[in-house]
Amino acid sequence: LRLEDEMQQPKNETVAKTGYVWMELYMWHHPGIAVAGADVACADLKHRVFIQATQHFENAETKRRLHNLVSITGLIDHLHLIKPLPASKDQLKMFHTAEYVDKIEELSNHLGGDGGEACLFGRGSYEVACYAVGGVMAAVEAVWKGELQNAYALVRPPGHHAEKDRGMGFCIFNNIAIAAMYAQKHLGVKKIAIVDWDVHHGNGTQQAFYDSDSVLFISVHQDGLYPIKRGYVSELGQEKGYGYNINVPLPPGTGVGGYQAVMDRIILPALTAFKPEIVLVSCGYDAAALDPLGAMLLHSGFFRDATQSLRNLCEKLCQGRLVFVHEGGYSAEYVPHCGLAVIEELAQHVTGSMDPLLDEISQYGYHELQLHQDKVIQQVEQNLKIALLP
């Protein structure tokens with residue numbers, strides 16, 4: 001063929017089957033500056049004056065840097081960009097109370113405020129949060145309808161702490177819970193599984209489905225972290241939802257061995273028994289070794305392997321339907337490498353970008369499953385027998 005003839009030949013390109021939700025608007029949500037103990041009773045200002053403000057942990061940097069890495073490596077060329085619409089008030093009220101939704105909108109229209117507990121936001125964040133919910137809903141809908149195989153929603157603000165009538169832990173609206181409710185109410189999905197491996201307990205999502213047997217919720221988190229006194233093994237659901245709420249509160253310092261044991265002995269068997277029609281993942285990276293708000297030892301290799309395990313199982317259980325929703329993760333240096341590993345695995349495309357810290361973190365001590373970690377997992381294994389395993 002002549003060069004000009006070769007250039008005219010149709011290219012044998014495969015259509016991207018992994019969706020990607022991203023908007024620069026997400027980065028415009030501003031939680032303000034952080035002052036340690038600002039939400040704790042401290043009437044004596046002469047003490048507070050010695051606490052210097054710093055950048056808020058939930059700032060835009062970690063997620064913008066992840067998007068930058070997805071772009072600069074060329075991975076974005078292998079993804080299908082999902083353009084979200086903002087969630088409506090009626091959609092928000094599938095989970096949240098009307099009073100709470102109106103409160104957030106009113107505060108946002110003025111100077112911002114606090115949505116509840118550690119949920120600060122500025123002017124205009126209501127609209128950003130609506131687009132975050134809408135982005136997750138759009139990803140779930142596209143995957144459910146077969147337009148995409150799987151998806152990653154890089155949204156902000158995060159959502160899994162938000163409860164019905166208040167925001168918590170940097171979360172305004174519960175993105176993943178509302179998307180799951182939307183899928184059941186409007187798309188006809190009957191059974192949904194939500195896996196939450198953010199280092200903090202997914203209290204808001206637990207609340208949303210605590211009495212439901214049509215949504216299996218599994219939260220793997222650091223014991224005794226945030227919210228305080230939440231996420232115990234004994235929190236199993238109620239009424240017909242009893243046994244369909246699974247908490248795995250791992251001790252601080254748990255490494256790859258402990259988390260892998262949870263994957264092999266809790267998450268994968270529970271999903272197999274439940275047989276969901278779609279799997280959603282609250283994907284936080286604050287269980288990584290370098291995170292300032294967690295005390296775990298994970299690295300990008302674990303997040304890649306765990307994603308592969310879920311993707312492979314979903315291909316057997318639910319035609320590969322799998323949607324990741326970005327939650328926490330506060331190391332601007334390390335979140336991008338962990339997130340890239342996950343999205344590469346979803347898209348089945350390796351960019352060649354190397355995690356410069358993977359070897360070092362892999363050599364940290366105590367990655368092996370420890371006896372006190374195994375004790376927790378054994379307790380949870382017994383809970384699986386209530387509703388899921390014989």
Side-chain angles (χ1 to χ4, degrees), residues 22-42 45 47-72 104 107-108 110-129 131-132 153-162 166-173 175 198-200 221-222 225-228 252 282-296 298-300 325-340 355-357 361:
W22 161 265
M23 294 179 72
E24 172 61 26
L25 181 67
Y26 293 144
M27 304 301 105
W28 296 2
H29 160 63
H30 203 301
I33 60 175
V35 179
D39 56 347
V40 178
C42 181
L45 294 179
H47 293 301
R48 188 174 296 183
V49 74
F50 298 114
I51 304 174
Q52 182 178 356
T54 186
Q55 186 178 36
H56 197 286
F57 285 112
E58 208 293 295
N59 62 77
E61 190 69 1
T62 57
K63 295 176 183 180
R64 182 177 276 129
R65 285 168 64 103
L66 171 53
H67 174 70
N68 289 346
L69 191 58
V70 169
S71 299
I72 201 69
I104 298 300
L107 289 172
S108 175
H110 293 86
L111 297 178
D114 193 335
E117 176 184 295
C119 182
L120 297 172
F121 60 92
R123 187 193 300 268
S125 283
Y126 171 80
E127 287 78 13
V128 181
Y131 270 104
L154 183 50
V155 299
R156 182 171 176 268
H160 71 147
H161 290 311
R166 64 171 179 165
M168 290 182 66
F170 318 153
C171 302
I172 298 178
F173 299 133
N175 307 318
D198 189 281
V199 81
H200 306 100
H221 49 273
Q222 182 179 318
L225 192 52
Y226 182 86
I228 304 298
S282 272
C283 183
Y285 300 107
D286 34 14
L290 302 183
D291 199 90
L293 292 185
M296 299 306 207
L298 297 184
H299 50 55
S300 65
V325 181
H326 198 110
E327 297 284 1
Y330 307 99
S331 169
E333 171 63 31
Y334 204 51
V335 164
H337 299 295
C338 295
L340 186 74
D355 174 359
L357 299 170
I361 297 174

Does any N or O in the side chain of [X] come within less than 3.5 Å of the main-chain N or O of [Y], such that one atom is a donor and the other an acceptor?
| X | Y | result |
| --- | --- | --- |
| Glu327 | Gly159 | yes |
| Glu58 | Pro31 | no |
| Arg65 | Ala332 | yes |
| Arg156 | His29 | yes |
| Tyr226 | Gly169 | yes |
| Asp286 | Val199 | yes |
| Ser108 | Gly124 | yes |
| Tyr285 | Ser300 | no |
| Asp198 | Cys283 | no |

Calculate, to the nearest 0.5 Å, the distance between atoms [atom1] and [atom2] belonging to [X] and [Y] respectively.
| X | Y | atom1 | atom2 | answer |
| --- | --- | --- | --- | --- |
| Thr62 | Glu333 | OG1 | CD | 12.0 Å |
| Asn68 | Ile72 | CG | CD1 | 8.0 Å |
| Met168 | His200 | CE | NE2 | 11.0 Å |
| Leu154 | Met23 | CG | CE | 12.0 Å |
| Met27 | Asn59 | CE | CG | 10.0 Å |
| Met296 | Gln222 | CE | CD | 4.5 Å |

Measuring only between side-chain heavy atoms, which start at C-beta, is [X] closer than 4.5 Å to [Y]?
| X | Y | value |
| --- | --- | --- |
| Val128 | Phe121 | no |
| Leu25 | Trp28 | yes |
| Lys63 | Pro158 | yes |
| His161 | Cys119 | no |

Margin query: With side chain to side chain contact (heavy atoms under 4.5 Å, CB included) as the criterion, how do His326 and Val335 come out once you've worked through the C-alpha distance, each side chain's angles and the decisive distance to 0.1 Å?
Written below: CA-CA 11 Å; His326 198 110; Val335 164; 4.2 Å; yes
Of all heavy-atom pairs between [X] and [Y], which one has the smallest distance, and what is that distance?
| X | Y | value |
| --- | --- | --- |
| Leu290 | Ile361 | CG-CD1, 4.3 Å |
| Ile172 | Ala162 | O-CB, 3.5 Å |
| Arg123 | Leu111 | NH2-CD2, 3.2 Å |

| request: For atom NE2 of His67, decide whether the heavy atoms of other residues, nucleotides or ligands shown that lie under 6.0 angstrom number more than 12. | output: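 It does: His67 NE2 has more than 12 such atoms within range.
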Decide yes or no on side chain to side chain contact (heavy atoms under 4.5 Å, CB included) for Tyr26 and Arg64, but give the supporting numbers first. CA-CA 9 Å; Tyr26 293 144; Arg64 182 177 276 129; over 6 Å; no
